[in-house]
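Quantities reported herein were computed from a predicted structural model and do not represent experimental measurements.
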Amino acid sequence: MEHKMTEQELIASLDEAIENGHIFVCYQPKVNHTTGRMIGAEALMRWKHPEYGIQYPSDFIPVLEKHDLLYLADIAVFESACRFLRNRLDKGQHCVIISCNMSRHDILHADYINRIEKIREKYDIPVKLLHIEITESSAVGGMELVSGTLQKLHDLGYKVEMDDFGSGYSSLNVLKDLPVDVIKLDMRFFSGNLSGRGGTIINAVVQMAKWLDTPVIAEGVEKVEQADYMKSIGCTYIQGYLYSKPLNAEDFGKKIDEFESEPMMPAIVLEKMDADKFWNPDSLETLIFNNYVGGASIFSYNHGKIELLRVNNKYTKELGMCMSEQEILKCDPWTTMDVENHKIYETTLQKAIKSNDEESCEVWRKLRSKTCGDDLMCIRSFIRLLGKAGDQYLFYEMVQNITGEKRAYNEIALSEKRFYYAGEHNKVFAWEYEIATKKMRPCSRCRRELGLPEILENYPEPMIESHLFPPEIADEYRDWHRQLAEGVPYLEKIFNLTDDRVPFHVRYTNEFDENGKPLKAYASATPVNNE
């Protein structure tokens, strides 16, 4: 018959309970929800009095804490876990990592770590099979002490898990200052609809942990929907009743044999550059990012979603929309692109992931600001992969606003179409000449009636060699192209062309880029008797 023991009965029975195994261990498996394999288990303290029956942890642990006796029970749990592992090792059976709890009261006992280390050595257990769990609340008010304790554990080779992360009032500070190896999220703190604020917070913690190379275990998972949600945001490690309740040593041993197992892996970050330095305000990378490069951003890409994380001041100036950095960071880049440009940009990201090198693209984006309203602009992006954590990728991007250049090209292309169309109806031979490459592209009439290919290289030499431009005007025609390269805006003259010396009115009109550099010339030859 169960009976809730009084405080005096609990204290009086403790030594006997430890010596005779009335305080014992149950093990709750930790499972990879993606593979269904076990990655370890947590050792949980239980107390069964021979006369009064089961005593609940919520009843006896506060009493032991109050009288500074919990550390004795924790040491007993640690030894039970070592005894369990030793028994399986001696039988040649497979073992998984067992994590044992270390309370704030244990940390306050200076000899606690030495005592558990002597127990581990006594049973000759490889340190890789034992993790130590501390609660986030252990760090409150004693960060320096806890940090020193973790350092001692790490020096001995133990991995440290932070239990109940998110339950305290200073979670981010704790995570920043304590070098824990695993984070455990208790799902009970985020009960309710995971699509709401709780889900947003969990997602943020998981993504943050990835960039710290820290695995996350979701604890207290009871429903498959919870496990599936955690997997969807990159947390595959699960502990809770969904897979198993806490089991006694015998049943847990059977569970190990039943499950396949695998090691728990960190969220591996593959880096082309040291991404951490971009978050350090005093690093050389940040100095360069803010002052010595053009418009630049850092953004994450995860399952098709993009989130801008950081932009420099030159990025805002490059857009020229009088937008603040915060306005830009709040903007979803995908909403600024149509379907075609979205596809171009995302394809470039995939190329950058595959090549581990810089990739570039040009996409049109429609931006909106309170000051300037809506504007359509063409942005040239140079994108490089910084790192990868799970399914999340971190990118570095440099941008150039090439709207003016693109619009100039479009105007030229439109002029070209109109010019060709007029040539077809007015017996005009037309062509375009790229000044930098010396390539000539003839119109359809030139190709059809003169037998020219789609592109002539090293123009105007092919036309001179074919005598379409006879030898007596060859030097003057070459000089025309030199003048075009120097920026002469317009040339025209009547030349006698072909072997038959037919008079043609030849005209060239130069086109310039936004910096005034000669870009492309448009030419025509019209028979004089047709003018």
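- Within 6.0 Å of CD in Glu250 there are 12 or fewer heavy atoms belonging to other residues, nucleotides or ligands.
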Please walk me through it: do His33 and Asp228 pass side-chain hydrogen bond (donor to acceptor under 3.5 Å, both in side chains)?
CA-CA 8 Å; His33 185 57; Asp228 287 344; 2.8 Å; yes

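- No salt bridge links Lys255 with Asp251; every basic N to acidic carboxylate O contact stays at or beyond 4.0 Å.
- One side chain, Ser355 or Glu359, offers a donor N or O that lies under 3.5 Å from an acceptor on the other.
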After noting the C-alpha distance and the side-chain angles of His154 and Asp181, does the key distance pass the side-chain hydrogen bond (donor to acceptor under 3.5 Å, both in side chains) rule?
CA-CA 10 Å; His154 281 150; Asp181 304 289; 2.7 Å; yes

Let's go through Lys122 and Glu79 carefully: what are the C-alpha distance in whole Å and the side-chain angles of both, what is the deciding distance for salt bridge (Lys or Arg N to Asp or Glu O under 4.0 Å) to 0.1 Å, and is it a yes or a no?
CA-CA 10 Å; Lys122 170 185 172 182; Glu79 184 163 9; 3.3 Å; yes

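- In summary, the side chains of Glu42 and Ser99 do not present any donor paired with an acceptor at a separation below 3.5 Å, with no hydrogens or angles considered.
- Under the 6.0 Å cut-off for aromatic ring centres, Phe252 and Phe84 qualify, their centroids lying closer than that.
- With 3.5 Å as the limit, one finds no donor-acceptor pair spanning the side chains of Tyr241 and Gln28.
- No side-chain N or O of Thr335 forms a donor-acceptor pair with one of Asp332 less than 3.5 Å apart.
- Crowding of Lys351 atom NZ: a count of heavy atoms from other residues, nucleotides or ligands under 6.0 Å not exceeding 12.
- A ring-centre distance under 6.0 Å is not found for Tyr71 and Tyr112.
- With Asp257 as reference, Arg88 is the one residue of Arg88, His94, Gln93 to meet the side chain to side chain donor-acceptor pair (under 3.5 Å) rule.
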Begin from the C-alpha positions of Glu117 and Lys152 and carry the test salt bridge (Lys or Arg N to Asp or Glu O under 4.0 Å) through to its verdict.
CA-CA 11 Å; Glu117 179 62 6; Lys152 291 179 183 178; over 6 Å; no

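- No hydrogens or angles considered: a donor-acceptor pair under 3.5 Å links the side chains of Asn341 and Asp338.
- The aromatic rings of His22 and His49 are tilted relative to each other, their planes meeting at an angle between 30° and 60°.
- Between the Asp111 side chain and the Asn114 main chain, no donor and acceptor come within less than 3.5 Å of each other.
- Under the 30°/60° scheme for interplanar angles, the aromatic rings of Phe259 and Tyr243 are found to stand perpendicular.
- Both the sub-6.0 Å distance and the 45° axial angle are satisfied by Arg365 relative to the ring of Tyr345.
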